[in-house]
Structure formats: C-alpha cells, structure tokens
K.L.:
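Here it is, the structure, as structure tokens.
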Amino acid sequence: MHYKDNIDYPPMLTRPVVFVPLLSAIFAGLWWFQSGDGAFGRLVRGLAPVAEGNPLNLVTAACVTALVGFNIFVVMRLPLRQQVWLVWGELAALILLFFYSFDLSFAFIQRKIGFLITQGLLTTLYISAASIAIATVLALMGAIAKLSSNGIAQGIAHFYTSLFRGLPLLMQIYMIYLGLPQLGYVVDAVPTGIAALSLCYGAYMTEIFRAGIESIPRGQWEAARALGMRPVAVMTRIILPQSMRVIIPPTGNQFISMLKDSSLVSVVGVWELMYLARTQGQTEFRHIEMMVTASLIYWLMSIVLELLQKRIETHFNKAATR
Amino acid sequence: MTSAHAAAVKAALPAIEISGLNKWYGNLQVLHDVNLSVAQGERMVICGPSGSGKSTLIRTVNALEGFQDGEIKVAGIRLTRDQAVVEEIRRRVGMVFQQFNLFPHLTVLENCALPLRLVRGLSPAEARARAMHYLSKVRIPEQATKYPAQLSGGQQQRVAIARAVAMQPEVMLFDEPTSALDPEMVKEVLDVMVALADEGMTMAVVTHEMGFARQVADRVIFMDAGRIIEQGPPSTFFSAPKSDRTRAFLQQVLH
C-alpha cells in the first residue's frame with residue numbers, strides 16, 4: 001500500500017470472512033462451469049479413476065479450490081517482496097501452460113522464429129521507435145501551442161488533438177496510405193505507419209504534456225522570469241524537468257500501447273511482427289504457433305519498456321523523494 | 001541613518017520612480033494613483049493590511065504584474081511591455097517571494113548557479129564559485145548539495161535571497177519574505193536582510209515585521225485599499241502617525 005497510515009491491518013486473506021466466501025465462490029464457479037470436462041478434469045482422471053459427469057466436476061472443483069487455498073496459505077507466510085514475485089511467477093507460469101496446452105510444434109517455431117525476429121521484430125521496433133520520437137516532439141509542440149497566446153497555434157493544436165484522437169488509428173492508416181495518393185502523393189507503407197502512429201499518439205500525448213506543464217505552480221515561472229531567464233530556458237530548464245514526474249507514467253502507458261498498435265500497420269502490408277505472425281503460419285496451418293510466439297515477443301518488449309519507465313521515473317523523482 | 005548615508009541617498013538618481021500608477025483587475029481598482037520614488041541605497045518598507053495592494057505594487061516594478069495607467073522607471077529606464085525592456089529591468093531587479101519559489105528539482109547550489117550561467121553568461125565554474133560565495137554570505141554553504149525540500153523554511157528563504165543577490169541586482173524587492181515561516185525562523189532571514197541593507201543594497205520590502213522596519217528602514221510606507229496613505233521615516237511614522245487608519249493598523253500589528 002502506498003500510504004500505510006501506521007495501522008497494522010490483518011491481511012485480508014487471513015480473515016475467514018474473506019477467504020471462506022472467496023474459496024466457496026471459486027469452488028461454486030468451477031463446479032457450475034463443469035470444470036471436469038476440460039484440462040483440469042483430465043488431469044484429475046490421470047491421478048485417480050473418477051466417474052465422468054457430476055462426480056468428476058465436483059472432485060475437480062474441490063482439487064483446484066484446495067490448490068488455490070494451499071497456495072494462499074503458503075504465500076501469506078512470505079515477506080512482501082517475495083509474495084509479489086512468487087504470485088507474478090505463478091501467473092506467468094499459468095499463461096505459459098495455457099500456451100503449452102495448444103500442442104504447439106516447437107520445431108516449426110524454431111524454424112520460423114529467426115525470421116520473425118530479424119524481419120518482424122526489427123521492423124516493429126524501428127516503426128515504434130521512430131513514432132515514439134516523432135510523437136514526443138509533436139506532443140511537446142502541441143502542448144506549448146495550446147498554452148500559448150497565439151491564436152493560430154492554439155487553433156491548429158486544438159484541431160489536431162480533436163481530429164487525431166477522434167479517428168480510429170486504423171482509419172488514419174488507410175487515409176494516409178489510400179487517401180493521399182488521390183492528391184498525387186504516394187506514401188510508402190512504412191512511412192505511412194510511422195506517420196499515422198506519430199500523429200495519433202502525438203495527439204494523446206499533447207494532452208499529457210499540457211497537463212504536466214500546467215501542474216507546475218505559477219511561482220516557478222515567476223521566480224525564473226524574475227531572475228531574467230528567457231521563456232525557452234524557463235521551459236526547458238525549470239518547467240519541463242519538473243513536469244516529467246507527472247508526464248512519465250502516462251507516457252510510458254502510451255509507448256507500451258503504441259508498441260502493440262504498431263501491429264495495425266500490417267494492414268498496408270508492412271512486414272512487421274503481426275503481419276509475419278499472421279502469414280508465416282499459413283502454408284503449414286500453424287497459425288497458433290506464430291501467434292503465441294509473436295505474443296510473447298510483444299510481451300517481452302513491453303516488459304523492457306516497463307522497466308525503462310521505472311528507471312526514468314526514479315531519476316525524475318530523486319529530488320522529491322528525499 | 002548616518003549623515004554620509006543620507007547624503008548618498010539624496011544625491012543619486014532614483015532607483016525606482018513610480019508616478020500616477022493605476023491598476024485594475026476587471027472592475028476592481030487595486031492601485032489608486034500611486035506616486036513613489038525610491039532613491040539608490042534607500043531601504044523602504046511597505047506595510048498595510050492584506051489586500052491593500054502592497055504586494056501588487058512591488059510586483060509591478062519587475063513586470064510580474066501589469067498596469068493600465070501611469071509610469072514606472074527603474075534606474076531611469078521606463079518600463080514598457082517590450083520584452084527587451086522587461087528583461088533589462090529584471091536583470092537589474094532581484095526579487096524574493098513569500099513562498100521562496102526555489103526550483104525543487106535543482107540542488108541549492110544549482111538553484112543559485114543556473115541563472116548565473118543562463119542570464120549572466122558565466123562559465124559553470126565561475127557560476128558555482130559565485131553561487132558558493134553568496135551561499136556563504138547567507139551562512140548556508142554546507143547545504144549546497146542538498147535539495148530545497150531537505151531544508152527548513154528559513155534556510156530555503158536564505159537560499160532564495162542568495163540566488164537573487166548573486167545576480168548582483170541594483171534593487172532588491174522582498175514580497176513578505178517572512179510571512180510563510182515558522183516564528184523561530186523569522187530572525188535568521190531578517191538577519192540576512194539586515195546584513196544586505198548594511199552593504200548599501202537598495203531595498204523595497206513588503207513586510208509585517210515592524211521591528212525590521214524600525215531597525216533598518218529609511219522610510220516606511222503605509223498602504224490601504226490601493227492607496228499610499230502615509231509615509232515617513234520610522235521615527236515619526238511609529239511615534240506620531242498622522243492618519244487614523246495608520247494608527248489603527250499599527251495598534252493591530254504592534255499589540
């Protein structure tokens with residue numbers, strides 16, 4: 001808990017009034033949805049001969065519930081950090097088990113993963129990195145324009161955020177790729193993707209940057225201006241470094257989201273990760289192998305961005321957390 | 001006030017000259033025909049009830065507040081809304097705020113050194129050296145590597161004074177510099193201000209610290225409802241106030 005209030009609350013899950021209904025609900029849910037029919041049921045029947053139908057459902061539900069209860073019992077006895085990591089790991093293992101249950105051909109994945117990474121991942125990274133850089137510049141310009149006293153700049157910025165937040169990203173990609181040629185300007189697929197992602201995310205981030213800049217008290221401007229500092233210097237040396245604390249967390253969200261939205265660019269035939277994941281499996285009907293592989297690659301990239309965000313946050317918090 | 005000091009005050013060109021100043025917030029008039037001249041080396045204290053326009057008045061001097069009518073001259077330069085003029089005047093006028101307004105993301109040393117580099121064009125080494133010199137003058141050099149949030153209010157305000165004075169301005173404006181401080185920290189800040197006054201700095205101080213006014217001021221100004229009601233040297237101002245409003249105010253603040 002971020003704010004502890006100096007009270008030792010008994011842990012929720014050690015209270016009967018919490019864990020009895022919780023485990024009952026899990027048991028009832030599993031029974032109701034006839035969990036004996038699925039993978040858990042097969043697992044139970046592998047261990048002991050139980051008649052199919054209602055008995056199997058009951059035994060399966062009871063086993064899973066007992067497992068969850070035992071897990072809680074064990075985890076609650078660990079220190080906080082270990083609890084977090086253990087639970088994270090268990091959930092990750094469950095997801096991997098879920099993927100494993102698809103009866104994947106690892107030989108096929110092994111054959112294709114090299115191409116998925118060298119072509120798909122690199123293209124995705126390239127498009128995302130370029131879009132992140134351009135979107136950040138657009139957002140900064142948009143925010144400054146919105147806060148300026150220049151009517152033209154404000155008008156452009158307001159229209160920009162309204163239009164590009166208002167249209168589906170997919171539509172923007174089509175508009176640039178198929179619409180601009182009507183004016184005689186043919187744009188290639190990759191530049192189309194970068195342009196659409198930058199414009200769309202720049203529009204969302206404009207609002208984040210604006211709110212961040214506005215969160216800095218007036219006195220900071222007054223002090224810096226009274227010292228004779230120029231407006232640009234005040235913005236870059238005094239205001240923006242302080243607004244970063246407010247700007248970084250939602251911007252990290254945007255970057256992670258953009259990484260995955262870059263998959264929309266596959267509709268105009270860019271050979272990025274999503275496109276290859278859809279097409280590489282087609283010839284041998286191994287769609288799910290490619291989908292699972294691509295999913296895990298996306299997830300790993302997001303984790304990298306998460307860690308990066310955390311580092312940057314710590315950096316900009318250093319003056320405030322003392 | 002020594003006679004030599006008095007002669008110096010009289011001789012020089014006014015540091016600040018305000019004439020016929022009027023200011024409105026919408027329909028509300030906050031400054032009424034203010035005329036005021038601050039001589040070089042003069043220490044002026046402005047007091048008055050809250051909302052009397054005293055802070056607004058000194059904030060117009062370095063253009064943190066605009067005004068609709070009248071004229072302000074700083075060191076002979078007429079204040080306009082032209083960027084070059086405003087920045088020229090701000091280079092000559094230092095300011096200390098009630099809420100300190102230190103930059104929380106910079107260390108104490110960087111707070112003082114950054115403006116020196118950006119505005120005065122000093123090299124990083126020169127800026128650091130000068131910043132340390134002024135931090136020593138406010139008796140706080142050992143806190144140079146700390147961040148503002150790690151300092152007490154009194155220490156923060158002393159850093160703010162060092163930051164402003166390090167720019168070597170011709171005039172210092174103080175906008176209620178001790179009003180946000182815990183009582184036990186008021187003295188350390190006032191001591192620094194007294195030392196600054198002893199060095200001959202021209203000062204315009206908005207404050208409720210009447211002890212400081214008695215000890216340091218050459219002239220005390222009393223404002224109410226946007227008007228200068230009364231002014232004079234502290235000896236006559238405190239012992240024989242002419243207006244009823246001044247008397248009422250002094251009774252409130254002097255107990």
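Chain identifiers are assigned alphabetically (A, B, ...) following the order of the sequence lines, protein sequences preceding nucleic acid strands; residue numbering begins at 1 within each chain. Values reported hereafter were calculated over all heavy atoms of this structure, with side chains retained and with hydrogens, waters and symmetry mates removed.
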K.L.:
If you take all heavy atoms of A:Ala196 and A:Leu169, which pair is closest and at what distance?
P.N.:
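Scanning both residues, the minimum pair turns out to be O-CD1, 3.8 Å.
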K.L.:
Does the pair A:Lys310/A:Glu313 count as a salt bridge with the N-to-O cut at 4.0 Å?
P.N.:
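Salt bridge absent between A:Lys310 and A:Glu313.
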K.L.:
Pick one: which of B:Val189, B:Asn101, B:Ile161, B:Val192 meets side chain to side chain contact (heavy atoms under 4.5 Å, CB included) with B:Val96?
P.N.:
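Single pass found, and it is B:Ile161.
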K.L.:
Could you tell me which of B:Glu88, B:Met95, B:Arg120, B:Arg163 has the largest number of non-hydrogen atom pairs under 4.5 Å with chain A?
P.N.:
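Of the candidates given, the most pairs with chain A belong to B:Arg163.
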K.L.:
Are B:Tyr134 and B:Gln168 linked by a side-chain donor-acceptor pair shorter than 3.5 Å?
P.N.:
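The criterion, which ignores hydrogens and geometry beyond distance, is satisfied for B:Gln168 and B:Tyr134.
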K.L.:
Most heavy-atom pairs under 4.5 angstrom with chain A, which of B:Arg91, B:Met167, B:Arg90?
P.N.:
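That would be B:Arg90.
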K.L.:
B:Leu173, B:Asn62, B:Leu118: which one forms the most heavy-atom pairs within less than 4.5 Å of chain A?
P.N.:
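Most pairs with chain A among the choices: B:Leu118.
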K.L.:
Do other residues, nucleotides or ligands put more than 12 heavy atoms under 6.0 Å from A:Met171 CE?
P.N.:
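No - once you tally the heavy atoms of other residues, nucleotides and ligands closer than 6.0 Å, there are 12 at most.
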K.L.:
Would you name the heavy atoms of B:Thr60 and B:Gly66 that are closest together and state the gap between them?
P.N.:
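Result for this residue pair: CG2-O, 3.9 Å.
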K.L.:
Measure distances from B:Gln99 to the heavy atoms of chain A and classify the residue's part below 4.5 Å as side chain, backbone, both or neither.
P.N.:
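B:Gln99 has no heavy atom closer than 4.5 Å to chain A.
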K.L.:
Could you tell me which of B:Val86, B:Thr107, B:Leu102 has the largest number of non-hydrogen atom pairs under 4.5 Å with chain A?
P.N.:
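So the answer, after comparing B:Val86, B:Thr107, B:Leu102, is B:Leu102.
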K.L.:
Out of A:Gln220, A:Met244, A:Met229, which one racks up the most heavy-atom pairs below 4.5 Å with chain B?
P.N.:
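That would be A:Gln220.
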K.L.:
Need one label for B:Phe97: side chain, backbone, both or neither, based on atoms under 4.5 Å from any heavy atom in chain A.
P.N.:
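The answer is the side chain of B:Phe97.
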